K.L.:
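Here you go, one structure.
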Amino acid sequence: MDKPTNKNFITNIIDNDNNTNKFSGRVHTRFPPEPNGYLHIGHAKSICLNFEIANLYNGVCNLRFDDTNPEKENIEYIEAIKKDIEWLGYEWNSMHYSSDYFEKIYKYALSLIENNFAYVDSSSPEVIKKERGTLTEPGTNSKDRDRTIEENIKLFNEMKEGNFSDGEYVLRLKINMLSPNINMRDPVIYRIKKFEHHRTGNDWCIYPMYDFTHCISDAIENITHSLCTLEFEDHRDLYDWIIEKINHENKPQQIEFSRLALEHNMMSKRKLSELVEKKYVSGWDDPRMPTISGMRRRGFTSSSIKDFCSRIGITKKNSSIEMGVLENTIREELNLSAKRVMGVLDPLKIIITNYPDNEKEEILAANNPNDKDSGQRNISISKNIYIDRDDFMEFPEKKYFRLSPGKEVRLRHAFNIVCDKVIKDNDGKIIELECSFDPVSRDMKKGNKVKGMIHWVDANNCTDAIINIYDRLFKEPNPSDLESFNEKSLVIKKDAKLEKNIAINNYSARYQFERVGYFIRDNKTSNETIIYNKIVSLKDSWKKINK
RNA sequence: UGGGCCGUGGCGAAGCGGUUAACGCAUCGGGUUUUGAUCCCGACACUCGUAGGUUCGAUCCCUACCGGCCCAGCCA
């Protein structure tokens, strides 16, 4: 399943860098999550990109937690993030925290002040905002812009010592308030935050901001290609400015690519956490969530996620991927690897009237007809069976060739039956079918040729289960708010019946319920309740005709 | 409106001055198959946002226009 990394505009840049010997042929990337939430499929795109590019060029990739905002970050996320990356199957070269560099970053800030490239500003956030100008109007210089170097050093040290309260002072770069790029209008690079940091505790009360931290961290770690998403394009000027001014021997280059958008999903941590907090879903690992942990619980394999990432490509174009692409990757893999079993989601009881009482027979069936090495299983059948309600129609539509009154269908792996009688309760609901079978059709060459083939389970020999059927999280392809939440994204089948062969204690086994889809045991369930999650349906051209 | 970036079939995506404009998903035909699955085979952009220009020749270069995304956190 691991395919060679596709070429893209970034590998073109790297090839070119290698030709000009820009980094002496070195390729060193990094994946820099902020530990403020769980990783999602969009992060997987970035993880695959960074690690695969490193692999492709015999380079390495670091993991770096970008933890410069203690108010938002949390140690709990760190382990979850590491677990997800490991689960995807990637090994980082070394693991770092931006906070490991606080001392160095502080020294760099000091040297910028000494060279008159930074100053301490006592302006309020409102004033700074106002002086920054707008998209069309230039900014104006702060009253503190010409503070002396000595005074700046003294104040910056006092900031560090905790002599001021939050917001009283900030450190700003002295670049150009007239720049058409707002990021260059004397950006704030340090703020006072008397907040305990998850790693450095109370060592610091000033914290560097992203723009100042990220490029310096990249330089320190000897990163060559710093890959990030499109919204940072405007920050590249600043990135380069800082790298130049701190005079570090390593000059990493930032390259931006477009974020992943997946139809019927949302990819922002804020929106996803809102789904969790407002209980739309059961948690970050709800199988409907586009989080790595959710998809893992849903039954996606890491190889299918990597395959998906390689299929969607890397460009600078804003794009939105159809769910079909994702679904196809997991179907394709599971078709080859999943054992087959029969499962009835909405049971409808059938009595095979001419089948002898108290008898049963065993039938041999392939575990996976597409994999000859997968062996066979034994299925039992007796007088009472269940079929899916979907597979019976009292008044069949045109082209419906499953069971209906007087019609003959084949029970998969077994024999043909004819529906003789429909039994209803007082409300007119169908509760049972009486059918008769044709013993000769056990040999399918001898029985009548029938178009319909349905699955079933032996009512006297099956396992009760609850099955979670998942559908798209949002109704609209490109939802903008939670209004679009699909309340039918989870449908619970409470009295499903499964073929006994299913290994209920194997939580990682993925099965194809023949004619239905792929399923995995929910890993959060106890042994008393057997719960399976639907990973993805089989393609269904009947549903297409029928709609 | 200032700046940055992007526009190739329904959705993605190759293509880097001469190609029959790859490939994947989707779709539509047909075949195999007693999973309406899989598999196989075939179809699916005289045209690359539009208009000009350069060139013997442009999806690739230039200009203008049109459309879309991003930026005015002491978030990342």
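Keep in mind it's a predicted model, so treat the numbers as computed, not measured.
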K.L.:
Just the rounded figure in Å: distance from P of B:C75 to CZ of A:Arg132.
P.N.:
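Going from CZ in A:Arg132 over to P in B:C75 covers 11 Å.
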
K.L.:
Roughly, in whole Å, what's the span from CG in A:Leu538 to P in B:U33?
P.N.:
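Whole-Å distance recorded here is 19 Å.
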
K.L.:
Applying side chain to side chain donor-acceptor pair (under 3.5 Å) to A:Arg377 and A:Asn501, what does each step give before you reach the verdict?
P.N.:
CA-CA 7 Å; A:Arg377 73 194 131 121; A:Asn501 287 303; over 6 Å; no

K.L.:
Given the C1' atoms of B:G12 and B:A22, what is the spacing between them in whole Å?
P.N.:
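The answer is 14 Å between these two C1' atoms.
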
K.L.:
Going through the checks in order, is the ring pair (Phe, Tyr, Trp, His ring centres under 6.0 Å) test met by A:Trp542 and A:Phe401?
P.N.:
CA-CA 10 Å; A:Trp542 162 246; A:Phe401 42 83; 7.2 Å; no

K.L.:
Please report the distance, rounded to the nearest Å, between CD1 in A:Ile312 and P in B:C23.
P.N.:
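Interatomic distance, CD1 of A:Ile312 to P of B:C23: 21 Å.
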
K.L.:
When rounded to the nearest Å, what value does the distance between C1' atoms of B:U8 and B:C23 take?
P.N.:
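Going atom to atom, C1' in each nucleotide, I get 14 Å.
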
K.L.:
From C-beta outward on A:Glu514, which listed nucleotide comes closest to its side chain: B:U35, B:C71, B:C74?
P.N.:
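Looking only at heavy atoms from C-beta outward on A:Glu514, the closest nucleotide is B:U35.
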
K.L.:
Taking N and O atoms by type only, does the side chain of A:Glu322 place a donor or acceptor under 3.5 Å from a partner on the base of B:G10?
P.N.:
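Answer yes: a donor N or O sits under 3.5 Å from an acceptor.
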
K.L.:
Taking 4.0 Å as the cut-off, does a side-chain nitrogen or oxygen of A:Thr68 come that near to OP1 or OP2 on B:A76?
P.N.:
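A:Thr68 to B:A76 OP1/OP2: side-chain N or O found under 4.0 Å.
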
K.L.:
If you take the centroid of each ring, where Trp contributes its six-membered ring, are A:Tyr38 and A:Tyr77 closer together than 6.0 Å?
P.N.:
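When the ring centroids of A:Tyr77 and A:Tyr38 are compared, they turn out to be within the sub-6.0 Å range.
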
K.L.:
Return no unless some side-chain N or O of A:Arg191 is found under 4.0 Å from OP1 or OP2 of B:C75.
P.N.:
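Answer is yes, contact under 4.0 Å.
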
K.L.:
Can B:G73 be described as syn, meaning its chi torsion is within 90° of 0, or is it anti?
P.N.:
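Syn conformation here, the glycosidic angle of B:G73 being no more than 90° from 0.
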
K.L.:
In plain terms, say whether A:Glu52 and A:Lys306 are close enough for a salt bridge, that is, a side-chain N and a carboxylate O under 4.0 Å apart.
P.N.:
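Answer for the salt bridge query: no.
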
K.L.:
Please confirm whether the shortest side-chain N or O distance from A:Lys317 to OP1 or OP2 of B:U8 is below 4.0 Å.
P.N.:
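Answer is yes, contact under 4.0 Å.
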
K.L.:
May I have the distance from A:Asp237 (atom CG) to B:C71 (atom P), rounded to whole angstrom?
P.N.:
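Nearest whole value for this atom pair: 16 Å.
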
K.L.:
Rounding to the closest angstrom, what is the interatomic distance between B:C70 and B:C65 at atom P?
P.N.:
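One P to the other, the span is 22 Å.
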
K.L.:
I'd like the P distance from B:U19 over to B:G57, given in whole Å.
P.N.:
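14 Å, rounded to whole Å.
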
K.L.:
So which one's nearest nucleotide on RNA chain B is more toward 5', A:Lys446 or A:Asp66?
P.N.:
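Final value for this comparison: A:Lys446.
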
K.L.:
Salt bridge (charged side-chain N to carboxylate O under 4.0 Å, His left out), that's the test. Do A:Lys194 and A:Asp166 meet it? Break it down for me.
P.N.:
CA-CA 7 Å; A:Lys194 295 192 171 165; A:Asp166 288 14; 5.6 Å; no

K.L.:
Under 4.0 Å: is that the gap between some side-chain N or O of A:Ser320 and OP1 or OP2 of B:G12?
P.N.:
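For B:G12, neither OP1 nor OP2 has a side-chain N or O of A:Ser320 closer than 4.0 Å.
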
K.L.:
Between A:Lys269 and B:A76, is there a contact of a side-chain N or O with OP1 or OP2 at under 4.0 Å?
P.N.:
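So the side chain of A:Lys269 is outside the cut-off, no N or O lying under 4.0 Å from OP1 or OP2 of B:A76.
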
K.L.:
Let's see if you can work this out: which of B:A72, B:U35, B:G12 has an atom nearest to the side-chain heavy atoms of A:Leu135?
P.N.:
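Nucleotide nearest to A:Leu135's side chain: B:A72.
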
K.L.:
In terms of relative ring orientation, are A:Phe519 and A:Phe513 parallel, tilted or perpendicular, with 30° and 60° separating the classes?
P.N.:
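Aromatic pair A:Phe519/A:Phe513 classed parallel.
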
K.L.:
Picking from B:G12, B:A13, B:A76, which would you name as closest to the side chain of A:Ile321?
P.N.:
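It is B:G12.
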
K.L.:
Among B:G2, B:C75, B:U35, which nucleotide has an atom closest to any side-chain atom of A:Lys72?
P.N.:
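Ranking B:G2, B:C75, B:U35 by closest atom to the A:Lys72 side chain puts B:C75 first.
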
K.L.:
Show each protein N/O and nucleotides 38-41 of chain B N/O combination with a separation under 3.5 Å, one pair to a line.
P.N.:
residue, atom, partner, partner atom, Å
B:U38, OP1, A:Lys539, NZ, 3.2
B:U38, O2', A:Asn335, ND2, 2.7
B:U38, O2', A:Asn370, ND2, 3.3

K.L.:
What is the base-pairing partner of B:C61, counting Watson-Crick and G-U wobble geometry with both distances under 3.5 Å?
P.N.:
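Its partner is B:G53 (Watson-Crick or G-U wobble, both distances under 3.5 Å).
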
K.L.:
What's the gap between B:A64 and B:C28 when it is taken at their P atoms, as a whole Å value?
P.N.:
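Between the two P atoms, the distance is 45 Å.
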
K.L.:
In whole angstrom, give me the gap between the P atoms of B:C39 and B:C25.
P.N.:
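Approximately 9 Å lies between the P atom of B:C39 and that of B:C25.
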
K.L.:
Expressed in angstrom and rounded to an integer, what is the separation of A:Lys543 atom NZ from B:U27 atom P?
P.N.:
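It is 12 Å, rounded to the nearest whole Å.
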
K.L.:
Check every atom of B:A76, B:C25, B:C71 against the side chain of A:His235 and return the nucleotide holding the closest atom.
P.N.:
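Ranking B:A76, B:C25, B:C71 by closest atom to the A:His235 side chain puts B:A76 first.
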
K.L.:
Does A:Phe117 have its ring centroid less than 6.0 Å away from the ring centroid of A:Trp241?
P.N.:
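Ring centroids of A:Phe117 and A:Trp241 are less than 6.0 Å from each other.
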
K.L.:
B:C25, B:G3, B:C71: which one has an atom nearest the side-chain heavy atoms of A:Pro180?
P.N.:
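Closest of the options to the side chain of A:Pro180: B:G3.
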
K.L.:
Across the strands shown, which category fits A:Ser124 at heavy-atom distances under 4.0 angstrom: base, sugar-phosphate, nothing?
P.N.:
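The answer is base, as A:Ser124 lies within the cut-off (heavy atoms under 4.0 Å) of a base atom.
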
K.L.:
Return the pairing partner of B:C69 with a 3.5 Å limit on both distances, Watson-Crick or G-U wobble; otherwise return none.
P.N.:
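Across any shown strand, B:C69 pairs with B:G4.
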
K.L.:
When you get a sec, tell me which of B:G7, B:C75, B:G36 is the closest nucleotide to the side chain of A:Tyr400?
P.N.:
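Per side-chain heavy atoms of A:Tyr400, the pick is B:G36.
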
K.L.:
Between the side chains of A:Asn12 and A:Lys7, is a donor N or O closer than 3.5 angstrom to an acceptor N or O?
P.N.:
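The answer is no; no qualifying pair exists.
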
K.L.:
For B:A26 and B:U35, measure between their C1' atoms and round to the nearest Å.
P.N.:
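Approximately 22 Å lies between the C1' atom of B:A26 and that of B:U35.
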
K.L.:
Rounded to whole Å, how long is the line connecting atom CD of A:Glu263 with atom P of B:G10?
P.N.:
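Rounded to the whole Å, the gap is 14 Å.
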
K.L.:
For nucleotides 64-70 of chain B, give me one character per nucleotide, 5' to 3': B if any protein heavy atom sits under 4.0 Å from the base, S if the only such contacts are to the sugar-phosphate, - if neither.
P.N.:
-----SB

K.L.:
May I ask you to decide if the ring planes of A:Phe232 and A:His235 are parallel, tilted or perpendicular, using 30° and 60° as cut-offs?
P.N.:
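Correct class here is perpendicular.
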
K.L.:
What about A:Phe156 and A:Tyr169, are their ring centers closer than 6.0 Å?
P.N.:
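That pair fails the under 6.0 Å test.
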
K.L.:
Which base sits across from B:C75 as a Watson-Crick or G-U pair, both distances under 3.5 Å?
P.N.:
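Looking at the geometry, B:C75 pairs with no nucleotide.
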
K.L.:
Would you say A:Arg515 places a side-chain N or O within less than 4.0 Å of OP1 or OP2 belonging to B:G36?
P.N.:
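For B:G36, OP1 or OP2 has a side-chain N or O of A:Arg515 closer than 4.0 Å.
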
K.L.:
Among the nucleotides B:A37, B:G24, B:C74, which one has an atom lying closest to any side-chain atom of A:Met209?
P.N.:
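My answer, after comparing the listed nucleotides, is B:C74.
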
K.L.:
If you pin A:Gly324 and A:Asp211 to their nearest nucleotides in RNA chain B, which one's is more 5'?
P.N.:
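It is A:Gly324 whose nearest nucleotide is closer to the 5' end.
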
K.L.:
Quantified in whole Å, what is the P atom distance between nucleotide B:G9 and nucleotide B:C48?
P.N.:
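About 10 Å, rounded to a whole number of Å.
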
K.L.:
Decide yes or no, distance alone: a donor-acceptor N/O pair under 3.5 angstrom between the base of B:G4 and the side-chain of A:Arg236.
P.N.:
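Per atom types, no contact qualifies.
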
K.L.:
Parallel under 30°, tilted from 30 to 60°, perpendicular over 60°: which one fits the rings of A:His197 and A:Tyr207?
P.N.:
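Judged by the thresholds at 30° and 60°, the geometry between A:His197 and A:Tyr207 is parallel.
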
K.L.:
Quick one: classify the glycosidic conformation of B:C46 as syn or anti, with syn meaning within 90° of 0.
P.N.:
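You should classify B:C46 as syn.
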
K.L.:
Can you tell me how far P of B:C74 sits from NZ of A:Lys160, to the nearest Å?
P.N.:
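So the two atoms are 24 Å apart, to the nearest Å.
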
K.L.:
Separation of A:Tyr190 atom OH from B:C75 atom P, in whole Å?
P.N.:
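Going from OH in A:Tyr190 over to P in B:C75 covers 14 Å.
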
K.L.:
Stacking check: are the rings of A:Tyr210 and B:A76 less than 5.5 Å apart at their centres and under 30 degrees in tilt?
P.N.:
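So A:Tyr210 does not count as stacking on the base.
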
K.L.:
Between A:Asn335 and A:Gln512, is any side-chain donor less than 3.5 angstrom from a side-chain acceptor?
P.N.:
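Not at all, the side chains of A:Asn335 and A:Gln512 share no donor-acceptor pair under 3.5 Å.
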
K.L.:
Check for me whether the distance between the ring centres of A:Phe437 and A:Phe415 falls short of 6.0 Å.
P.N.:
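So the answer is yes for these two rings.
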
K.L.:
Does a donor on one side chain and an acceptor on the other come within less than 3.5 Å for A:Asp67 and A:His198?
P.N.:
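Their side chains do contain a donor-acceptor pair, which is all the 3.5 Å distance test asks for.
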
K.L.:
Counting Watson-Crick and G-U wobble pairs only, both distances under 3.5 Å, name the nucleotide matched with B:G42, or none.
P.N.:
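Because both required distances fall under 3.5 Å, B:G42 counts as paired with B:C28.
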
